[in-house]
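Just below is one structure, and these are the notes that go with it.
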Amino acid sequence: MPELPEVETVCRGLDQAMTSRKIISVDQNRPNLRFPFPKNFPGRLAGRKIERVTRRAKYILVELDAGLTLLMHLGMSGRFEILTDDKSHKPGSFHQKIAAGQKGVNGFGKHAHVVFYLDEGTKIVYSDPRRFGFMDLVKTKERDSHPNLKVLGVEPLGNEMNADYIREHFRGKQTSLKAILLNQKIIAGIGNIYACEALFRAGLSPARKAASLALKSTKAKERAENLAIEIRSVLTDAIQAGGSSLRDFANVEGDLGYFQHTFQAYDQEGEACKRPGCYGVIKRIVQNNRSTFFCPSCQK
DNA sequence: AAGCGAACCTGGCTGC
DNA sequence: TGCAGCCAGGTTCGCT
């Protein structure tokens, strides 16, 4: 279930567990996820030292020595678990769950497609039932020209994402606000949940035409300003919630980044609107083949 | 040419 | 209990 805040939390957890460590070996248990793994993937990683783990939109970047970067995406169902010697045999731990009958070919579960073995006994397990994620290797210097990164728009938490940027890039667009927020070429990293939540916070209808925020009126400028503010606030709040609900960014079982959210609109169909003073009911509609949740009373 | 729907894949839930 | 149908948080591709 990874959107930007989850990816950010996973990155922080991986950074903590991996930085300054050495990759001893890598198990790769199938030829592909969404795309084929690069040629000799385990061989090219073995012996590399990890320098840091960062994020671009929903992509995880593991910077290695020798000018190499491991690029990863979690897709819809990708997750990481960190196993260390001291917690790998606690009751309820991953090992215990596996022992209960979910053991796959490599001993880490049916969908554990990649295992990174680090020095000092740490194992990083990547599982991904739907296999929409992927991993690739790229020269660090050429990172930004990777086909998946070069097309991305601005970071939603960066300074470039502001009302002026929104107005400039929404100008003339006949698509809906909901659809344009999901367009990674404009703002990179907003997914279905936080698109709904940002529009709820901004009091803007998901069906409103994107172009309407670029008009000359004071009202249009206000709407763009609000949207920029609320995109930032909803993502920041979610990252904070993730960081504070996870000890060292991982729960006791070593699962990274999957904290409990409370959403105001997303998945709240039929619930009373949570905006103070609003007596609307959250509605679900489908836009561009995706569920949208919003309050028809206060989102205009 | 922008914008939409389909496709990629598995698992979990709902309702008959 | 079984099974069909629907739904899922991402991204790219191809058609109109």
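Below, chain A is the first sequence line, B the second, and so on; all start at residue 1.
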A:I187 and A:V234: same hydrophobic cluster, using ILVMFWY side-chain contacts below 4.5 Å? yes

Mind calculating the distance between CD (A:Q268) and P (C:dG9) to the nearest angstrom? 14 Å

Do the charged groups of A:E197 and A:R201 touch, with an N to O distance under 4.0 Å? no

Taking the side chain of A:R290 as its heavy atoms from C-beta onward, which of C:dG9, B:dG5, B:dC4 lies nearest to it? C:dG9

Could you tell me how far apart A:N183 (CG) and C:dT11 (P) are, to the nearest whole angstrom? 11 Å

Pairs under 3.5 angstrom, nitrogen or oxygen only, protein versus nucleotides 12-14 of chain B, please.
none

What I want to find out is whether A:E120 reaches A:K22 closely enough, with some N-O distance under 4.0 Å, to be called a salt bridge. no

Looking at A:S77, I'd like to know whether one of its side-chain N or O atoms comes within less than 4.0 Å of OP1 or OP2 on C:dG9. no

Hey, any chance A:F134 and A:I124 share a hydrophobic cluster, counting ILVMFWY side chains that come within less than 4.5 Å of each other, even indirectly? no

Nearest to the side chain of A:N288, heavy atoms from C-beta on, is which of C:dG10, B:dC4, C:dA8? B:dC4

Flag, side chain of A:D15 to backbone of A:V53, donor-acceptor distance under 3.5 Å: yes

Verify the distance criterion only: is there a donor paired with an acceptor across the side chains of A:E230 and A:S233 at less than 3.5 Å? yes

Apply salt bridge (charged side-chain N to carboxylate O under 4.0 Å, His left out) to residues A:K58 and A:E6 and explain how you reach the verdict. CA-CA 9 Å; A:K58 293 171 216 164; A:E6 290 77 20; over 6 Å; no

Tell me if a side-chain donor or acceptor on A:E3 pairs with a main-chain N or O of A:G189 at a distance below 3.5 Å. no

Taking C:dC6 as the reference, what is the distance to B:dA6 when you measure between their P atoms (whole Å, please)? 13 Å

Below the 4.0 Å mark, does C:dG9 have OP1 or OP2 next to a side-chain nitrogen or oxygen of A:Y266? yes

Atom CD1 of A:I193 to atom P of C:dC7: distance rounded to whole Å? 17 Å

Please report the distance separating the P of B:dG3 from the corresponding atom of C:dG9, rounded so that it comes out in whole Å. 22 Å

If you round to the nearest 0.5 Å, how far is CG of A:N32 from CZ of A:R30? 4.5 Å

Any donor-acceptor pair under 3.5 Å linking the side chain of A:K178 with the backbone of A:S291? yes

Distance check needed: B:dA2 P versus A:I186 CD1, whole Å only. 10 Å

For A:N289 and B:dG3, what is the distance between atoms CG and P respectively, to the nearest whole Å? 16 Å

Quick test of the criterion, 5.5 Å between centres and less than 30° between planes. Is A:F132 stacked on C:dT11 or not? no

Return the nearest nucleotide to the side chain of A:R284; candidates are C:dT11, C:dC7, C:dG9. C:dC7

Interface polar pairs with nucleotides 12-14 of chain C, N/O, under 3.5 angstrom:
unit_1, atom_1, unit_2, atom_2, d
C:dT12, OP1, A:N148, OD1, 3.1
C:dT12, O4', A:R34, NH2, 3.2

Calculate the interatomic distance between A:Y194 atom OH and C:dG9 atom P; express it in whole Å. 13 Å

Quick check for you: among C:dA8, B:dG11, C:dG10, whose closest atom lies nearest to any side-chain atom of A:H73? C:dG10

Round to a whole Å and report the spacing from CG of A:L152 to P of C:dT11. 8 Å

Stems of at least 3 consecutive Watson-Crick or G-U wobble pairs (donor-acceptor distances under 3.5 Å) involving DNA chain C, listed by first number, are B:2-8 with C:10-16, B:10-16 with C:2-8

In terms of side-chain heavy atoms of A:K58, which of C:dG9, B:dC4, C:dT11 is nearest? C:dT11

Expressed in angstrom and rounded to an integer, what is the separation of A:N32 atom CG from B:dC8 atom C1'? 11 Å

Please determine if a side-chain N or O atom of A:H111 lies less than 4.0 Å away from the OP1 or OP2 oxygen of B:dG11. yes

